[in-house]
There are 2 protein chains.
Amino acid sequence: MNELIDALAGITGPAQVLTGADMAPWCRDWTGQYQGQPLAVVRPANRDEVAAILRLASGMRVPVVPVSGNTGLNGGAMAEAAIALSLDRLNRIREIRPEARVAVVEAGVIVDALNTAADPHGLFFPLMFGASGSAMIGGVLSTNAGGANVLRYGNTRDLCLGLEVVLADGRVLDLMQALHKNNSGFDLKDLMIGAEGQLGVITAAVLKLHSLPTHRETAMVAMAALDEAPALLNAIQDASGGAVVAFEFMPRAFIDGHLALFPGAREPFDAPHAVNLLVELAATQAPGLGETLETVLGTWLESGKIADAVIAKSETQRREIWARREAAAEIAFARKPVIDTDIAVPIDAVADFLRQIEPALRAIDPDCQLLSVTHLGDGNIHYTCWPSNNDPQLKLRLRGVIDQMAVDMAGTFSAEHGVGLSKLGAMSRHKNVVALEVMQAIKSALDPLGILNPGKTLPTPKVIRP
Amino acid sequence: MNELIDALAGITGPAQVLTGADMAPWCRDWTGQYQGQPLAVVRPANRDEVAAILRLASGMRVPVVPVSGNTGLNGGAMAEAAIALSLDRLNRIREIRPEARVAVVEAGVIVDALNTAADPHGLFFPLMFGASGSAMIGGVLSTNAGGANVLRYGNTRDLCLGLEVVLADGRVLDLMQALHKNNSGFDLKDLMIGAEGQLGVITAAVLKLHSLPTHRETAMVAMAALDEAPALLNAIQDASGGAVVAFEFMPRAFIDGHLALFPGAREPFDAPHAVNLLVELAATQAPGLGETLETVLGTWLESGKIADAVIAKSETQRREIWARREAAAEIAFARKPVIDTDIAVPIDAVADFLRQIEPALRAIDPDCQLLSVTHLGDGNIHYTCWPSNNDPQLKLRLRGVIDQMAVDMAGTFSAEHGVGLSKLGAMSRHKNVVALEVMQAIKSALDPLGILNPGKTLPTPKVIRP
């Protein structure tokens with residue numbers, strides 16, 4: 001143990017090797033769900049120190065868990081009996097190139113800090129999610145973070161052109177190109193993104209920047225049923241030339257939950273409705289965004305396909321609309337016990353899923369209560385079930401029904417939060433067996449000693465083939 | 001040999017196993033650059049037959065080369081002493097789902113056939129490249145094809161949501177999700193796309209469809225120098241809300257080559273210019289696209305940053321503009337010997353590259369002649385050098401200078417055509433050594449017998465590490 005500490009200190013200097021009580025911030029995640037006791041926390045200053053640490057860890061056969069902002073939701077950055085490799089000191093924005101619309105950043109750069117640096121150029125990094133004030137680029141890439149604007153700008157993977165990765169044995173994989181076309185062999189960049197530190201440690205990246213929208217329109221739309229909502233999205237997209245940045249669905253139960261929890265909260269419409277959609281458009285060009293939205297909504301109102309619509313007339317009204325949507329986590333966790341999920345199905349299957357899941361869950365637990373909020377533009381449903389009691393077997397069954405139905409509808413049990421520790425069970429129960437075998441083969445090829453973030457992402461292989 | 005033929009016939013029926021003269025269409029590529037003599041051509045009807053063929057090939061240790069449209073430019077589908085596995089009979093469009101904007105297709109579907117099927121829904125598969133009348137989805141995915149509209153719609157990889165792949169040993173990897181978010185383990189889909197059949201045989205895919213634009217504006221723009229062209233692109237993008245679908249650069253030498261080769265050809269402007277840009281915008285919404293383009297170009301004309309501009313006033317004029325651009329291959333191959341390349345550099349490095357490459361090549365061959373045409377919106381330069389003589393060593397040196405300068409500018413020697421046979425040398429000379437090692441490790445993990453498309457994509461490993 002002392003040998004390890006001394007060797008780490010030899011790489012980074014002793015001030016950057018933390019032990020004992022100094023490790024407290026790395027011993028639990030922010031949700032309080034996961035705890036871990038690292039052997040040590042080491043805070044390298046640059047890529048070469050990361051490489052030296054991984055060579056050391058390989059030599060000593062000590063596990064390494066990369067950590068950046070520690071804002072994940074799945075326990076993927078918890079270090080137990082492992083070195084916690086903190087990337088927070090790799091926090092340089094190396095370059096912003098406005099004409100090429102790219103930023104070259106290190107893994108410890110906070111998402112909002114990148115936006116602060118891009119703003120004077122009229123640019124931004126369009127990843128919209130709650131943790132952007134503390135999440136760091138390394139973790140965002142390693143989980144392939146999503147959020148509310150994926151339908152317009154894509155996931156983190158779509159926003160990354162190049163990567164720098166230190167492999168398990170300390171070799172540096174330099175893929176730091178700012179290229180939109182590069183067909184020179186296998187797509188190692190996308191393999192590393194979302195790999196949750198299993199295949200290497202991301203130390204830097206070339207990220208895409210987009211023009212800051214100068215115009216924005218935000219509306220709430222009420223429908224009697226969800227089935228026509230994808231057609232409404234397509235109609236607004238076509239009329240606006242693809243200007244939709246968010247298309248969120250809140251059912252009646254969500255609005256009721258919001259009203260119950262927040263004393264000042266209001267119904268989005270004069271009358272209560274079953275289907276409440278949040279639509280936001282954004283564009284860099286001046287004319288017609290509001291008129292376009294009004295025209296489409298007007299036509300749909302006349303035809304009776306939507307029941308009501310309210311367009312925000314001020315930033316205050318826009319904030320009120322978003323505050324309701326952003327209360328989702330508070331509403332879900334206001335009751336315990338809670339089963340919270342992060343599934344996705346194809347956009348045209350969301351309504352069917354929501355119709356079928358309710359009786360399936362009530363068949364097991366007639367008194368459970370149900371809630372959902374959906375990034376309808378990308379099919380990602382955060383489905384919440386409050387079971388009638390705290391029986392672990394009941395909770396496991398209910399969660400299994402949700403995950404399995406998503407998979408049966410050609411969907412996934414893990415849309416944007418990743419696997420980490422929280423979904424290892426789902427991976428072994430619901431993931432395609434051949435896909436698991438291929439992942440395991442790649443893991444063994446790139447991390448043969450198994451020192452990178454062990455015990456996460458990939459379940460222990462169950463199927464041994466002849 | 002007879003044993004192999006019989007076993008293949010047992011899987012597909014004897015009519016679908018071709019030998020001797022019947023194999024002619026599979027014995028050369030369409031450019032005439034590559035020839036091969038397969039052991040047999042087998043044309044399975046479905047995924048399960050593909051799986052059975054791969055199990056057989058694994059058992060007999062016979063190499064397999066997947067072939068679909070055979071329209072590639074790098075020899076990647078040439079089968080020499082291998083089974084040519086033709087996917088042309090897997091040609092079903094299984095499903096078009098207009099609301100979800102997806103198509104589920106098999107590997108043998110021709111790109112234009114998909115567009116014909118999508119058109120009645122007001123949708124299209126936005127991959128614009130010369131071979132779309134014969135290229136099939138399997139090959140398009142395996143090379144991650146690009147083309148002229150990548151700046152708007154992305155490469156093939158960006159247009160694919162799900163894949164079905166048969167692995168070397170016949171296992172089926174089912175990743176056929178139509179999901180925009182799916183963080184359940186490693187990104188195997190993107191690893192398989194662009195892998196040139198090294199890691200598995202793609203048999204089907206879920207592809208994204210986009211709304212067919214209803215409005216289109218096409219212009220030629222003249223500038224004195226290239227340096228401000230990326231800023232012009234960004235200005236048009238911002239003014240139009242991202243409506244640019246093509247932004248192509250043709251230098252003086254290209255226009256001269258076009259005029260010399262085509263008797264009816266005309267200068268794009270009244271006076272000859274050094275920098276000739278083709279700009280096309282397309283949108284689904286009605287108003288203002290033409291006015292927007294005129295406004296931006298007018299402002300730039302007044303400021304003197306552009307020298308001239310012509311907006312097509314009819315489809316005939318638009319066709320004339322595109323015909324000039326599409327003559328690129330004919331112009332390049334009108335002279336022999338020719339060194340033709342497919343490199344990319346960051347968008348903001350294109351002007352520097354073109355400035356620096358000319359003296360570097362003339363230092364080796366003072367009398368060489370030079371030409372380029374650039375997808376400027378994505379940084380992909382098709383650079384052509386006509387050396388003064390046919391000396392193979394000279395040609396190798398000239399090509400090496402082009403490839404190395406691209407790599408030195410954080411670019412690539414292979415942007416959209418892939419590696420196949422044609423760029424194996426460049427892979428061993430210019431590709432990051434660690435990236436090659438990682439690719440080889442993945443190849444060995446997924447195709448341990450090395451039966452999939454051997455001798456291509458990955459150069460024989462040169463660096464053995466301790």
Side-chain angles (χ1 to χ4, degrees), chain A residues 97 99-100 143-144 146 150 155 171-175 177-188 190-191 194-195 211 230-231 238-241 243 283-285 287-288 344 346-348 378-380 410-416 418-419 427 431-432 434-435 438-439 441-442 445-446 457, chain B residues 97 99-100 143-144 146 150 155 171-175 177-188 190-191 194-195 211 230-231 238-241 243 283-285 287-288 344 346-348 378-380 410-416 418-419 427 431-432 434-435 438-439 441-442 445-446 457:
Chain A
R97 284 154 50 194
E99 290 205 349
T143 52
N144 185 30
V150 164
N155 296 291
R171 281 178 296 167
V172 175
L173 178 61
D174 183 345
L175 309 167
Q177 283 93 9
L179 299 178
H180 296 270
K181 288 181 177 170
N182 185 9
N183 284 346
S184 57
F186 303 158
D187 182 8
L188 304 180
D190 287 321
L191 182 65
S211 290
D238 286 353
S240 66
T284 50
Q285 87 279 37
I347 294 166
D348 55 358
D378 58 46
N380 178 194
T412 179
F413 51 85
S414 181
E416 61 179 4
V419 177
M427 281 289 272
K431 187 78 185 177
N432 180 288
V434 176
V438 171
M439 289 179 207
I442 292 170
L446 299 194
T457 316
Chain B
R97 284 155 50 194
E99 289 206 349
T143 52
N144 185 30
V150 164
N155 297 291
R171 281 178 297 166
V172 174
L173 178 61
D174 183 347
L175 308 167
Q177 283 94 8
L179 299 178
H180 296 270
K181 288 181 177 169
N182 185 8
N183 284 345
S184 58
F186 303 159
D187 182 7
L188 303 181
D190 287 320
L191 181 65
S211 290
D238 286 353
S240 66
T284 50
Q285 86 279 38
I347 293 166
D348 55 357
D378 59 45
N380 178 193
T412 180
F413 51 86
S414 180
E416 63 179 3
V419 176
M427 281 290 270
K431 187 78 185 177
N432 180 287
V434 176
V438 171
M439 288 178 206
I442 293 171
L446 299 195
T457 316

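Just so we're on the same page: letters track the sequence lines, and every chain starts at 1.
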Quiz item: Just by modelled atom types, is the B:Ser184 backbone N or O under 3.5 Å from a matching donor or acceptor in the A:Lys431 side chain?
Solution: yes
Self-check item: Interface moiety of B:Val150 toward chain A, non-hydrogen atoms closer than 4.5 Å
Solution: side chain
Self-check item: Region of B:Met427 that comes under 4.5 Å of a non-hydrogen atom in chain A
Solution: side chain
Quiz prompt | Heavy-atom proximity to chain A below 4.5 Å, by part of B:Ala243 | solution = neither
Quiz prompt | Intermediate values then yes/no, side-chain hydrogen bond (donor to acceptor under 3.5 Å, both in side chains), A:Asn432 and B:Asp174 | solution = CA-CA 7 Å; A:Asn432 180 288; B:Asp174 183 347; 4.9 Å; no
Quiz item: Is there a donor-acceptor pair closer than 3.5 Å between any side-chain N or O of A:Asn155 and the backbone N or O of B:His180?
Solution: yes
Quiz item: Is there side-chain contact between A:Leu191 and B:Ile442, with heavy atoms separated by less than 4.5 Å?
Solution: yes
Quiz item: Passes side chain to side chain contact (heavy atoms under 4.5 Å, CB included), B:Val438 versus A:Leu446? Steps please.
Solution: CA-CA 7 Å; B:Val438 171; A:Leu446 299 194; 3.8 Å; yes
Quiz item: For B:Ala283, is it the side chain, the backbone, both, or neither that has a heavy atom closer than 4.5 Å to a heavy atom of chain A?
Solution: neither
Quiz item: Heavy atoms, side chains only, cut-off 4.5 Å: are A:Leu179 and B:Pro346 in contact?
Solution: yes
Self-check item: Options B:Thr457, B:Val419, B:Leu173, B:Ile347, ranked by heavy-atom pairs under 4.5 Å with chain A, top entry
Solution: B:Leu173
Practice problem: Examine distances only and state if a side-chain atom of B:Asn183 and a backbone atom of A:Gly194 form a donor-acceptor pair shorter than 3.5 Å. | Solution: no
